[in-house]
Amino acid sequence: MKFTIIATSDIHGHTERFSQLAQMISARQPALLIDNGDFLQGSHLSYYYDYIVQEQHPQIELANTLGYDVAVFGNHEFNYSTENIQAIRNASNFPWIAANIPGFAEPYFIKEINGLRIAVIGIVTHFTKNWDECESTKHLHFENAFECAKKTVKHVREIEQVQLVILSYHGGFERDIHSGHLIDLEEGENEGYRMLHEIEGIDLFITGHQHLEIATVANGVTVVQPGANAHCFAQIDVTVEHGRFSFEPAIVQVDSTLKMQSFPEFEAWKKQQIGTAGEALNYPDFFTPRKKMTAYTQLLHDMQLHYTGAQISVIELPYHAQGGFPGKITREHVLHNLPRPNRLLVIKMTGAEIRRAIEQSAAVFALNDKGVIDFSMVVYYPEPQPYIYDLWGGIDYAIDLRQQAGQRITKLTFEGNPIRDNEIFEVAVNSYRATGAHQMPMFKKKPVREADKFIPELMMEYIEKNSPLTVQIKNDFQLK
């Protein structure tokens, strides 16, 4: 007997490309179709449907038509409000599961295929609660992912009497699955390696969250991670002979020649010009805006200070090699530069907290053996973490990478005066930073006020009202 299992993960609302995958999946007629989380949130199209027209995301209808059997909650599902999460569940013709959120979702899904009982166990990284900006997890309890997976695998084996156990984990690997070498911090966000080696009874292990493309066998278990953003899916061909299972895992790339689903109203909206820039407001490479104040970063600070009335502004740049705004600015340019629907908050921070935050940011970089700025692999072993690097506006500061981490600030002033440890400032910061994630607890504070719109919408409004944009660099910042 033979049948096929297909798994997707981390689609992040890229419905245009997902519509191509859907045609490929439909042609294969899988006996079991699973999504491993982060299904909707994260694309320009998602922003449009979630916050502009505020209608049901069309990807749900496509998923219903395709015939998903089950979906696992990912961490980004909880970027939505509790009401929106429930609306997504109601609109889906398939269950959403998560064993380690008791009372919120069913722990597993069972399907019988040709007389075989197959269990799909859903687990989401318990770090999800650390990243909650909407308080959608406020009243939910997230059990430890590893411990819950272990007991649930045991339960379905012993109580449900299943012949095949699939663990679908919206989380990734803390170690290389073959060599055991560290590839991430062992803090609990990703526990896939430990699950793979310490939990008995898993036949197929579906992972995600890290956006890797994996199809292999390790420790006797078939392991897949189906990439991200609808670029591919995982296909597992299963053969059953004399009660024994064999698996052939593969990553199948999207066929870009297939027709995409189109969204004309969305396309017209994002291509609409909203303003102009009277000077170059772009950057040519990853490091330039991270080494010195530029007109582009000053513009972002100006917008945040304008809408909050704060004294100081904190921004983080998306992980793009190039960015900024051209002479003619569209909504699409704003969403490219500010892709997340974060809220803009004002919190109070002491001078000492500001110094610690900047020092922690400065630790993500180091001078390499050629004296050139590069990623630090000493402070943030085993992987660089440039995504926790912030840029500050409203203050003047300098960072010297020749000094040891934690002692790199050589200048830190506000309005020309050295910032004292006990001084208190109002700081504009996005709602993700304000969760204190990535070991930055100095930002985790109750806001004193917040803007009434999401940051991308504020940027669009600011550009419309102030075009043609002219930006004057107000503060000095140097990283060397």
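In this chain, residues are counted from 1 in sequence order.
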_For the backbone of Gly74 and the side chain of Glu77, can you confirm whether one donor and one acceptor N or O come within less than 3.5 Å of each other?_
yes
_Does any part of the side chain of Met459, heavy atoms only, come nearer than 4.5 Å to the side chain of Ile463, both counted from C-beta?_
yes
*How about Phe104 and Phe73: are their ring centroids closer than 6.0 Å?*
yes
*Spacing of Ser361 atom OG and Leu391 atom CG [to the nearest 0.5 Å]*: 8.0 Å
*What's the shortest heavy-atom distance between His209 and Ser9, and which atoms?*
N-OG, 4.5 Å
*asked:* Rounded to the nearest 0.5 Å, what separates atom CG in Asn342 from atom CG in Leu458?
replied: 11.0 Å
*Gln273 atom CD, neighbour heavy-atom count above 12 within 6.0 Å*: yes
*Are any non-hydrogen side-chain atoms of Met440 and Arg433 less than 4.5 angstrom apart?*
yes
*Would you confirm whether Asn36, through its side chain, and Asp10, through its main-chain N or O, come within 3.5 Å as a donor-acceptor pair?*
no
*Determine whether the side chains of His170 and Asn75 contain a donor N or O and an acceptor N or O closer than 3.5 Å.*
yes
*Is it true that Phe266 and Tyr49 have ring centroids separated by less than 6.0 Å?*
no
*Show your reasoning for whether side chain to side chain contact (heavy atoms under 4.5 Å, CB included) applies to Ser46 and Gln41.*
CA-CA 6 Å; Ser46 295; Gln41 199 273 343; 5.6 Å; no
*Check the pair Gln253 / Glu213 against side chain to side chain contact (heavy atoms under 4.5 Å, CB included), numbers first and verdict last.*
CA-CA 10 Å; Gln253 300 294 331; Glu213 297 178 12; 2.9 Å; yes
*Using atom types as modelled and distance alone, determine if a side-chain donor or acceptor of Arg449 lies under 3.5 Å from a backbone N or O of Thr308.*
yes
*Does some side-chain heavy atom of His57 sit less than 4.5 Å from a side-chain heavy atom of Thr15?*
yes
_Within the supplied structure, the quantity of interest is the number of heavy atoms (other residues, nucleotides, ligands) at a distance under 6.0 Å from Lys150 NZ; does it exceed 12?_
no
*Describe, in one word, how the ring planes of Phe94 and Phe39 are oriented to each other, choosing from parallel (under 30°), tilted (30 to 60°) and perpendicular (over 60°).*
perpendicular
*Would you indicate whether Glu248, at its atom CD, is surrounded by more than 12 heavy atoms from other residues, nucleotides or ligands within a distance under 6.0 Å?*
no
*Side-chain donor or acceptor of Arg89 paired with backbone N/O of Ile85 under 3.5 Å*: no
*To the nearest 0.5 angstrom, please state how far the CG atom of Leu40 sits from the NE2 atom of His14.*
11.5 Å
*Looking only at heavy atoms, what is the nearest atom pair of Leu345 and Ala434, with distance?*
CD1-CB, 3.6 Å
*Donor-acceptor pair, Gln304 side chain versus Leu300 backbone, under 3.5 Å?*
no
*Which pair of non-hydrogen atoms, one from Pro226 and one from Ile251, has the smallest distance, and what is that distance?*
CA-CD1, 4.1 Å
*Do other residues, nucleotides or ligands put more than 12 heavy atoms under 6.0 Å from Gln272 CD?*
yes
*Look up atom CG in Leu33 and atom CG in Asp69, then write down how far apart they are to the nearest 0.5 Å.*
6.0 Å
_Within 6.0 Å of NZ in Lys111, more than 12 heavy atoms from elsewhere_ = yes
*Given side chains that start at C-beta, do those of His141 and Pro102 come closer than 4.5 Å, heavy atoms only?*
yes
_Please verify the inter-ring angle class for Phe245 with Phe247; under 30° counts as parallel, over 60° as perpendicular, anything in between as tilted._
parallel
_SB check Glu461 Lys465 (cutoff 4.0 Å)_ = yes
_Can a donor-acceptor pair be found, under 3.5 Å and without considering hydrogens, that links the side chain of Thr125 to the backbone of Asn190?_
no
*For Glu147, look at atom CD and say whether over 12 heavy atoms of other residues, nucleotides or ligands are found less than 6.0 Å away.*
yes
*Which heavy atom of Tyr80 sits nearest a heavy atom of Asp50, and at what distance?*
OH-OD2, 2.8 Å
*Look up atom OH in Tyr307 and atom CD in Glu457, then write down how far apart they are to the nearest 0.5 Å.*
9.5 Å
_Minimum heavy-atom distance Thr152-Tyr108, with the two atoms named_ = CG2-CD2, 4.0 Å
*Hey, is the main chain of His12 close enough, under 3.5 Å, to the side chain of Asn229 for a donor-acceptor pair?*
no
*Are side-chain heavy atoms of Gln235 and Val224 found at a separation under 4.5 Å?*
no
_Under-4.0 Å salt bridge between Glu133 and Arg340_ = no
*Counting only heavy atoms not in Glu135, do more than 12 sit closer than 6.0 Å to its CD atom?*
no
*At what distance, to the nearest 0.5 angstrom, does OG1 of Thr207 lie from CD1 of Ile123?*
13.5 Å
*Any sub-3.5 Å donor-acceptor pair from Tyr389's side-chain atoms to Arg290's backbone N or O?*
yes
*Backbone N/O of Glu174 and side chain of Glu186: donor-acceptor pair under 3.5 Å*: no
*Cut-off 3.5 Å, side chains only: do Tyr432 and Glu316 have a donor facing an acceptor?*
no
_Evaluate Thr216 against His178 for side chain to side chain donor-acceptor pair (under 3.5 Å), listing each step before the verdict._
CA-CA 10 Å; Thr216 189; His178 295 296; 3.2 Å; yes
*Does atom CD of Glu106 have more than 12 heavy-atom neighbours, drawn from other residues, nucleotides or ligands, at distances under 6.0 Å?*
no
*asked:* Which heavy atom of Ile88 sits nearest to which heavy atom of Ser92, and what is that distance?
replied: O-OG, 2.8 Å
*Residues Phe205, Ile199; criterion side chain to side chain contact (heavy atoms under 4.5 Å, CB included); working and verdict*: CA-CA 11 Å; Phe205 190 23; Ile199 297 178; over 6 Å; no
*Does Thr297 reach the side chain of Leu317, with side-chain heavy atoms less than 4.5 Å apart?*
yes
*Got Glu191 and His126 here, is their nearest side-chain heavy-atom distance under 4.5 Å?*
yes
*Answer with yes or no whether the side chains of Tyr462 and Asp302 bring together a donor and an acceptor at under 3.5 Å.*
no
*Check the pair Asp237 / Lys2 against side chain to side chain contact (heavy atoms under 4.5 Å, CB included), numbers first and verdict last.*
CA-CA 7 Å; Asp237 293 326; Lys2 295 184 177 182; over 6 Å; no
*asked:* For Tyr48 and Phe263, I'd like to know if the aromatic rings sit close, meaning centre-to-centre distance below 6.0 Å.
replied: no
*Side-chain contact test, heavy atoms from C-beta onward, threshold under 4.5 Å: evaluate it for Val53 versus Trp269 and give yes or no.*
no
*For Ser313 and Leu305, indicate whether the former's side chain and the latter's backbone hold a donor-acceptor pair under 3.5 Å.*
no
